[in-house]
Amino acid sequence: MSQKLLNVFSKKFAAAAMVGTMVVSGALAGCSSDSGSSAQEGQKTITVWGMGEEAKTLPKIADEFEKENPEIDVKVQAIPWDQAHDKLLTAVASKKGPDVVQLGTTWIPEFASANALLDLTEYTEEYPELKADNFFEGSVETTKYEDKVVGVPWYVDTRVLYYRTDLLEEAGYKEAPKTWDELKEAAKKLADRGDDKYGISIDTNEQSLSFMLARQNGSKLIEGNQSYFNEPEFVEAVEYLNGFFKDGSAPVDLGLDIVQAFRGDGILPMFISGPWMVKLINDQAPELEGKWATAVLPAKETNTSTLGGSNLSVFQHTENKEEALKFLSYMSKPETQVKWLELTNSLPASKEAWNDDQLQQNKYYKVFGEQLENAQPMPVIKPFEKIAQDFLSRFEKIYRGGADVQEEMDAFDKESEEILAK
């Protein structure tokens with residue numbers, strides 16, 4: 001796929017992580033497809049709402065759950081990810097929606113504030129698999145709203161550095177850059193190899209990238225209704241990122257497939273991305289085996305990465321609360337999450353699952369486990385999506401049009417505080 005399509009893929013991947021599983025009333029069922037066996041006498045039925053390809057795989061896990069819980073029948077309904085938000089809103093309004101709902105991290109505040117999600121706090125003793133200490137700290141943060149815990153982490157997504165080990169070694173680096181300065185220096189050396197060569201690919205549609213770097217530089221981003229986007233910590237991070245474009249280390253609108261640009265002479269020998277790229281590189285560039293690696297992100301004050309993924313929640317108005325909680329508990333077991341990894345290449349949210357041999361022995365995925373120890377979600381607040389989109393518009397004026405970073409961040413900060421105050 002082209003770089004542009006890769007950006008779309010990345011956005012759809014992130015969007016896919018924001019939609020999920022849920023019972024749909026008869027009025028909604030006509031708009032979706034469902035999968036599952038018919039309930040037998042004495043069984044209770046719960047419905048799981050899944051998005052796209054994920055929904056096609058979920059019945060395999062549901063079948064295993066039913067074997068352990070023969071009194072429960074699970075139905076999986078597939079709903080296109082681009083329709084899921086509106087259908088969720090309809091379900092909330094009607095109070096006739098899901099037993100279990102899968103939500104990405106950025107949707108939690110909206111539906112929790114609408115009192116659509118069950119507070120799980122009182123159920124963790126009965127269902128210990130739901131306890132917070134089973135999961136990465138950053139993942140747990142995405143399940144909280146005010147003083148409630150309204151979900152349980154299911155699978156996770158973070159960002160690491162991908163790099164060509166052979167080309168870095170030729171440039172004088174026997175290991176991945178460990179600091180901002182080393183990354184900048186290495187990218188420039190790689191770009192200086194000759195015409196049409198660059199050091200790093202910067203995905204300008206990755207809305208979390210600048211916020212992630214700002215955190216590494218000590219920025220608080222947002223506290224309450226106050227933003228810190230024109231403070232030195234944030235401004236310096238934007239200037240650092242823009243610096244790759246200014247010195248020619250990163251291309252603007254190159255229009256090349258990232259895997260194709262990564263292979264061969266390595267037009268783009270470094271990039272920051274998520275776990276799905278491991279399979280893409282292995283499948284599309286098998287000749288690179290032994291010539292590339294993943295590494296935790298280079299650090300400034302910290303090397304904190306962003307954290308996304310998907311959570312499972314119980315719909316507040318379910319009539320099958322105990323059955324829904326059993327399903328959440330089953331999905332939270334380390335062995336279940338490892339099985340989900342095998343089926344979908346989704347990384348487990350369970351810390352214990354990372355002790356599994358196939359994760360520990362996979363040198364690429366093992367790095368993601370290390371990075372997850374230092375990963376945080378974007379601010380879990382309702383208006384963050386709007387704020388992030390506003391930033392992308394401001395950043396485009398900077399890297400494409402040469403606008404002054406401080407002036408743009410002053411304006412961005414003012415706009416953000418107006419959004420936060422609403």
Side-chain angles (χ1 to χ4, degrees), residues 1-17 52-54 155-171 173 175-177 183 186-187 189-191 193-209 212 241 244-245 248-298 305-306 308-309 341-347 358-359 362-368 371:
M1 64 182 77
S2 68
Q3 179 69 47
K4 182 177 181 181
L5 286 178
L6 177 61
N7 292 338
V8 173
F9 178 84
S10 298
K11 290 177 71 176
K12 285 191 174 184
F13 184 93
E53 293 300 314
E54 202 163 89
Y155 59 82
V156 292
D157 163 34
T158 191
R159 301 291 186 269
V160 300
L161 180 70
Y162 287 74
Y163 68 104
R164 283 282 298 272
T165 54
D166 56 341
L167 299 181
L168 263 290
E169 187 168 357
E170 288 177 10
Y173 299 88
E175 56 185 7
L183 181 65
K189 286 185 178 181
L190 289 164
R193 289 174 295 159
D195 294 340
D196 301 320
K197 296 291 192 301
Y198 300 93
I200 190 169
S201 175
I202 303 295
D203 185 353
T204 55
N205 287 324
E206 174 63 82
Q207 66 183 35
S208 65
L209 188 57
M212 180 181 76
L241 194 62
F244 290 104
F245 296 110
S249 296
V252 178
D253 300 328
L254 186 61
L256 281 181
D257 177 295
I258 188 62
V259 176
Q260 295 304 314
F262 192 60
R263 68 198 307 182
D265 292 338
I267 296 173
L268 294 172
M270 295 192 295
F271 62 92
I272 294 171
S273 193
W276 59 89
M277 287 304 304
V278 172
K279 188 175 189 302
L280 285 177
I281 296 172
N282 283 331
D283 288 349
Q284 297 179 21
E287 77 280 3
L288 288 183
E289 183 177 359
K291 298 180 180 179
W292 70 281
T294 54
V296 295
L297 295 177
S305 186
T306 186
L341 166 72
E342 295 170 353
L343 293 171
T344 67
N345 293 307
S346 299
L347 301 181
Q358 61 186 302
L359 282 167
N362 186 307
K363 59 185 178 181
Y364 306 116
Y365 286 135
K366 187 176 181 180
V367 170
F368 282 92
Q371 185 65 71

Any chance you could measure [X], atom [atom1], to [Y], atom [atom2], to the nearest 0.5 Å?
X	Y	atom1	atom2	value
Met212	Ser305	CE	OG	5.0 Å
Leu254	Ser201	CG	OG	8.0 Å
Lys279	Tyr365	NZ	OH	8.5 Å
Leu183	Ile272	CG	CD1	6.5 Å

Any donor-acceptor pair under 3.5 Å from [X] side chain to [Y] backbone:
X	Y	result
Arg159	Val296	no
Thr165	Ala293	no
Thr294	Tyr364	yes
Gln284	Val259	no

(Q) Pair Leu168, Leu190 - check side chain to side chain contact (heavy atoms under 4.5 Å, CB included), show working. (A) CA-CA 8 Å; Leu168 263 290; Leu190 289 164; 3.7 Å; yes

Q. If we ignore angles and hydrogens, is there a donor and acceptor under 3.5 Å between the side chains of Ser208 and Glu206?
A. yes

Q) Should the pair Glu169-Arg164 be classified as a salt bridge under the 4.0 Å nitrogen-to-oxygen rule? A) no

Q: Tell me, please, which residues at least two apart from Asp265 pass salt bridge (Lys or Arg N to Asp or Glu O under 4.0 Å).
A: none

Q: Output all residues satisfying salt bridge (Lys or Arg N to Asp or Glu O under 4.0 Å) with Lys366, sequence neighbours left out; order by chain, then residue number.
A: none

Q | Any residue meeting side chain to side chain contact (heavy atoms under 4.5 Å, CB included) with Gln358, in chain and number order, not counting sequence neighbours | A | Val338, Leu341, Glu342, Asp356

Q | Set of residues satisfying side chain to side chain contact (heavy atoms under 4.5 Å, CB included) with respect to Gln260, sequence neighbours excluded | A | Asp257, Arg263

Q | Set of ring pair (Phe, Tyr, Trp, His ring centres under 6.0 Å) partners for Phe271, sequence neighbours left out | A | Tyr162, Phe262

Q: Please identify each residue that fulfils ring pair (Phe, Tyr, Trp, His ring centres under 6.0 Å) with Phe245, with sequence neighbours left out.
A: Tyr399

